[in-house]
Amino acid sequence: FKFVNDIVRDVDNELSASLLAAFEEDVLQSVLAPALLQPNELAASTSSRYLADCLSIVDAPKMQSTLASFLIGEFTRPEEEDDESEHYLRATLVRRLQSSTQYELSLGTLKLLEALLAFDSLPHVLHNLVLRTFVPRFHLQPSLPDSLAPRCDVDSLQAAIMGYVTLPPDTEAEPRDLSQLPLSAPPNSAGFAAYLNDAQLQIAECAARCSAWSLDVSPPPTPSLTASSDNSRLVAKFQGGGYFLSAVFDKLERLQEQPFEMNLLLTGILTRLCHFPYPLLFAFLLFPSSLPLRPGIRTLFSILVKLANDIQERALSMPDFKFRVSRARARLSAEPPKFPPKEPPPSDEEPKTKTFLEAVVVFEEFCKELAATLAVWGSQLTAA
């Protein structure tokens, strides 16, 4: 991989073009495609992880384009139901994301698609997996104005940010003080301000990477967006944000049952998607109340609300819940628990309980990251 990548990147002639064509035919189509599609879970997951590692070293735009076309096709039009038959490998990868039983295969597929989304020079990947589903705006009421910018004012923004911050159960040693939640922060800040700093950095870096992209995400004229349109048909046509995003949402709904590594990777992909500078995308993911969504559209926030309710219900029946979450957080971050319990619970949690407590830690961190990301985007929107 590295040899071909370096040649294709540094030498722009017939030799490098021939080498890339041979690589596509002899390596991708003849070796990797059968390896990725084989029915054996362990072998297919090993192939997915291997390819994900290989993708991380590829920086030649032409080779990135070849790999992206191999894995997900070259579709640019809005996603349709028959796309599954048109590109079998893409459909297989997305299906594997949704698996609740084939953990290693699902994890390997997540790693592979995460590496693909990191191709900085290739807007086609984001458009193919996510953006093209938003172009026709089947998820929106026909009352949306011509501007693609979401509706944003300071009060609604503050309310949305607070919505994320207050979703997780309070597991801190001291009660949370939410009266002075900052919307901006100087460097090297602590607490929520540290999340703001990280979000500002990530969004700025993403904007710089995307500055050379030329993606047309303006909606084409379509007779579907009329007041008399059948709502259920358009909601179904939206496919929950497309096959990829819908699969990621399905995976997120099972957060409490999934291992830490899976949840960390899953929430990382969603956070990355929130950094891209496309108003309809980050508004849908982070600030759905700013959009006139059609009834029945599933959103990231609605999934998080359901998870928060389920976690709270389970926490009520778990003795020393705060301490056990604190201990799980300490174990994951190599720091001591913040406060002692009245009666120490067992030091070795049962596997299912351990998985649940680690999922609560991921959930808390994810909500803070989303709140900070929304605060950064919101400050830019209100300033504009």
Side-chain angles (χ1 to χ4, degrees), residues 1-2 4-6 8-9 20 23-24 27-28 32 36 45-76 87 89-90 93-94 96-97 106-133 198-215 217 241-245 247-248 251-252 261-278 281-282 285-286 300 362 365-366 369-370 373 376-377:
F1 264 78
K2 189 176 187 309
V4 176
N5 175 75
D6 292 349
V8 172
R9 181 193 61 212
L20 185 58
F23 172 81
E24 180 178 9
V27 177
L28 298 184
L32 280 174
L36 290 170
S45 63
T46 301
S47 299
S48 298
R49 286 173 177 261
Y50 167 76
L51 184 53
D53 289 340
C54 291
L55 291 185
S56 66
I57 65 172
V58 173
D59 59 2
K62 289 183 180 179
M63 189 166 178
Q64 288 184 346
S65 180
T66 297
L67 286 163
S69 297
F70 163 68
L71 288 169
I72 60 175
E74 300 180 354
F75 301 121
T76 57
H87 199 279
L89 181 53
R90 179 188 191 272
L93 293 175
V94 172
R96 288 173 176 173
L97 288 184
S106 183
L107 183 63
T109 304
L110 264 179
K111 287 181 177 291
L112 181 57
L113 292 172
E114 180 197 38
L116 196 59
L117 280 167
F119 278 178
D120 295 343
S121 64
L122 211 60
H124 163 69
V125 173
L126 180 67
H127 190 74
N128 179 291
L129 289 176
V130 182
L131 286 182
R132 64 193 176 112
T133 307
D198 184 65
Q200 289 168 346
L201 177 63
Q202 297 296 331
I203 289 174
E205 290 181 351
C206 187
R209 292 195 302 268
C210 299
S211 60
W213 290 9
S214 58
L215 279 177
V217 293
Y243 290 110
F244 170 71
L245 194 56
V248 172
K251 205 77 177 167
L252 184 65
E261 184 182 9
M262 175 77 77
N263 288 335
L264 200 63
L265 188 60
L266 180 68
T267 54
I269 287 175
L270 282 165
T271 302
R272 177 190 288 271
L273 290 177
C274 292
H275 293 156
F276 285 101
Y278 294 97
L281 177 59
F282 71 70
L285 291 175
L286 283 173
L300 175 58
V362 174
E365 293 300 306
F366 186 43
E369 290 172 357
L370 294 178
T373 303
V376 175
W377 277 126

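Only heavy atoms go into these numbers, but all of them, side chains included; no hydrogens, no water, no symmetry mates. We count residues from 1, following the sequence as given.
The shortest side-chain heavy-atom distance between L89 and L93 falls under the 4.5 Å cut-off. Here the side chains of F75 and L129 are not in contact, with every heavy-atom distance at 4.5 Å or above. Taking 4.5 Å as the limit, some side-chain heavy atom of L126 sits within range of a side-chain heavy atom of L273. Taking 4.5 Å as the limit, some side-chain heavy atom of S48 sits within range of a side-chain heavy atom of L36. At a threshold of 4.5 Å between non-hydrogen side-chain atoms, the residues S106 and K251 count as touching. Counting only heavy atoms from C-beta outward, the side chains of L71 and L113 never approach each other to under 4.5 Å. When side chains are defined from C-beta on, R90 counts as touching N128, because their heavy atoms get closer than 4.5 Å. A heavy-atom distance below 4.5 Å is found between the side chains of L55 and F119.
Under the 3.5 Å distance criterion, the side-chain polar atoms of T271 are matched with a main-chain donor or acceptor of T267. Looking only at distances, no side-chain donor or acceptor of R9 sits under 3.5 Å from a matching main-chain atom of N5. Of the possible donor and acceptor atoms, one in the side chain of S211 sits under 3.5 Å from a partner among the backbone N and O of A208. The main-chain N or O of C206 is never found under 3.5 Å from a side-chain atom of H275 such that the two would form a donor-acceptor pair. W377 places a side-chain N or O within donor-acceptor distance of the main-chain N or O of C274, the cut-off being under 3.5 Å.
F1 pairs by the ring pair (Phe, Tyr, Trp, His ring centres under 6.0 Å) definition with F23, not counting sequence neighbours. Remark: R272 pairs with no residue by the salt bridge (Lys or Arg N to Asp or Glu O under 4.0 Å) rule, at least two apart or across chains. In this structure D53 satisfies the salt bridge (Lys or Arg N to Asp or Glu O under 4.0 Å) test with no other residue, sequence neighbours excluded.
Separation of atoms CG (L285) and CG (L370) is listed at 9.0 Å; rounding is to 0.5 Å. Rounding to the nearest 0.5 angstrom, the gap separating the SG atom in C54 from the CG atom in L67 is 9.0 Å. Going from atom CD1 of I72 over to atom OH of Y243 covers 15.5 Å, rounded to the nearest 0.5 Å. Of the inter-residue distances, the one linking F70 atom CZ with L32 atom CG reads 5.5 Å to the nearest 0.5 angstrom. Annotation: the span from H127 atom NE2 to Y278 atom OH amounts to 9.5 Å, rounded to 0.5 Å.
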task = Might you work through the side chain to side chain contact (heavy atoms under 4.5 Å, CB included) test for V248 and L270, ending with a clear yes or no?
result = CA-CA 8 Å; V248 172; L270 282 165; 3.7 Å; yes
message = For N263 and L252: C-alpha separation, side-chain torsions, deciding distance, then whether side chain to side chain contact (heavy atoms under 4.5 Å, CB included) applies.
response = CA-CA 8 Å; N263 288 335; L252 184 65; over 6 Å; no
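If you check the side chains of T66 and E24, you find no donor sitting under 3.5 Å from an acceptor.
Ion pairing of E261 with K111 is present here, as a side-chain N (NZ or NE/NH1/NH2) and a carboxylate O approach within less than 4.0 Å.
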